[in-house]
Amino acid sequence: MELPPLHGGTALDLCCCSGGFSWGLRGAGWNVTGVDIVDRPRYPFRFVQADAIQYVREHGHEYDLIHASWPCQFGAAITKGTNAHLRETYPDLLPAGREAMLSAGRPYIIENPEARADVVLCGTSFGLPILRHRRFEVHGWTPLAIPHTPHRGRVRGWRHGTYYEGDYLAVYGKGGGKASVPEMQAALGIDWTDVHEELTEALPPAYGQFLGEQAAQQLLGVSA
């Protein structure tokens, strides 16, 4: 995939995983550095293996924009419902992560199920065959929302013993009619990793580019 020239702005992507959001930021012209506590050899840009909270406290002020996808398991709907008995086994890094980002004094974007919903994005709004709703909390700038395209039809796969065809793919889990790795790659717009775990956790690059272009306009005066 061809990427545009850099515009000079630097972005930090914390808990970057495979770099779905990072790719979107880079598509908006940002020079991106990813940080994850787990080594991500397929991450497509400059990568630092480190504790994200510690890194942003020490280096966050060096960047023009900070994004973080703090681990979602603690705040996920399934953990609050079916798997409520497991909730306390997951770390809740959002409060400490937000505090660390604020201490850096830079504009930021947080993606997390319990983040403030300044913007909510879904794959349908970008023509993607996935119902991947994500909440984004922003600080230091004001993004515009995008219309939420109504869902039409079903998600393909088994539900309560019945198999349904559908235009949308289940980009999580395995079996039961859920998307294959090639289908996940195509649905998300990611071709640099084929690791199932990384794809199931990835944000579509379209989300990062949508927010990254607006951030560049407001923070740097760069036109998309």
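The basis for the numbers below is simple: all heavy atoms, side chains too, and nothing from hydrogens, waters or symmetry mates. Owing to the predicted nature of the structure, the values given are computational and were not obtained by experimental measurement.
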Quick one: does [X]'s side chain have a donor or acceptor within less than 3.5 Å of a partner on [Y]'s backbone?
| X | Y | result |
| --- | --- | --- |
| Gln185 | Thr193 | yes |
| Arg135 | Ala115 | yes |
| His196 | Gly173 | yes |
| Arg116 | Val138 | yes |
| Thr124 | Thr149 | yes |

For this session: Report the residues that fulfil side chain to side chain contact (heavy atoms under 4.5 Å, CB included) with His133, sequence neighbours left out, ordered by chain and then residue number.
Result: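 Counting only residues at least two positions away or on another chain, His133 forms a side chain to side chain contact (heavy atoms under 4.5 Å, CB included) with Cys122, Leu131, His148, His151.
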
Exercise. Listed by chain and number, what are the side chain to side chain contact (heavy atoms under 4.5 Å, CB included) partners of Arg40, not counting sequence neighbours?
Worked result: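 In terms of side chain to side chain contact (heavy atoms under 4.5 Å, CB included), with neighbours along the sequence ignored, Arg40 is linked to Cys17, Asp36, Val38, Tyr43, Phe47, Glu197, Glu198.
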
Exercise. Taking side chain as C-beta onward, heavy atoms only, is Tyr207 less than 4.5 Å from Glu111?
Worked result: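 They are not in side-chain contact.
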
Non-hydrogen atoms of [X] and [Y] that approach each other most closely:
| X | Y | value |
| --- | --- | --- |
| Trp141 | Pro107 | CD1-CB, 3.9 Å |
| Leu199 | Val171 | O-CG1, 4.2 Å |
| Pro71 | Cys15 | CD-SG, 4.2 Å |
| Pro204 | Ile130 | CG-CD1, 3.9 Å |
| His7 | Ala216 | NE2-CB, 3.7 Å |
| Pro129 | Ala187 | CG-CB, 3.8 Å |

For this session: Verify salt bridge (charged side-chain N to carboxylate O under 4.0 Å, His left out) between Arg106 and Asp64, making sure each step is shown before the conclusion.
Result: CA-CA 6 Å; Arg106 309 305 298 162; Asp64 298 309; 3.7 Å; yes

Problem set entry | Option from Ile37, Asp51, Ile110, Val35 for which side chain to side chain contact (heavy atoms under 4.5 Å, CB included) with Leu14 holds |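 Going through the options one by one, the only one that passes is Val35.
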
Exercise. Side-chain donor-acceptor pair under 3.5 Å between Glu137 and Tyr108, yes or no?
Worked result: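 The answer is yes; a qualifying pair exists.
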
Exercise. Strictly by modelled atom types, are Glu58 and Gln54 linked by a side-chain donor-acceptor pair under 3.5 Å?
Worked result: yes

Exercise. Are Tyr168 and Val181 grouped together when hydrophobic residues (ILVMFWY) are joined by side-chain heavy atoms under 4.5 angstrom apart?
Worked result: no

Problem set entry | Criterion side chain to side chain contact (heavy atoms under 4.5 Å, CB included) on Leu169 and Arg156, from CA distance to verdict | CA-CA 6 Å; Leu169 298 175; Arg156 189 192 73 195; 3.7 Å; yes

For this session: Evaluate the side chain to side chain donor-acceptor pair (under 3.5 Å) criterion for residues Arg46 and Thr33: first the C-alpha distance (whole Å), next the side-chain angles of each, then the deciding distance (0.1 Å), finally the verdict.
Result: CA-CA 5 Å; Arg46 177 176 179 262; Thr33 296; 3.1 Å; yes

Problem set entry | Asn112/Phe136 under side chain to side chain contact (heavy atoms under 4.5 Å, CB included): CA gap, chis, key distance, verdict | CA-CA 7 Å; Asn112 186 273; Phe136 294 91; over 6 Å; no

For this session: Show your working on side chain to side chain contact (heavy atoms under 4.5 Å, CB included) between Leu144 and Gln214 and close with a plain yes or no.
Result: CA-CA 8 Å; Leu144 298 176; Gln214 294 189 65; 3.4 Å; yes

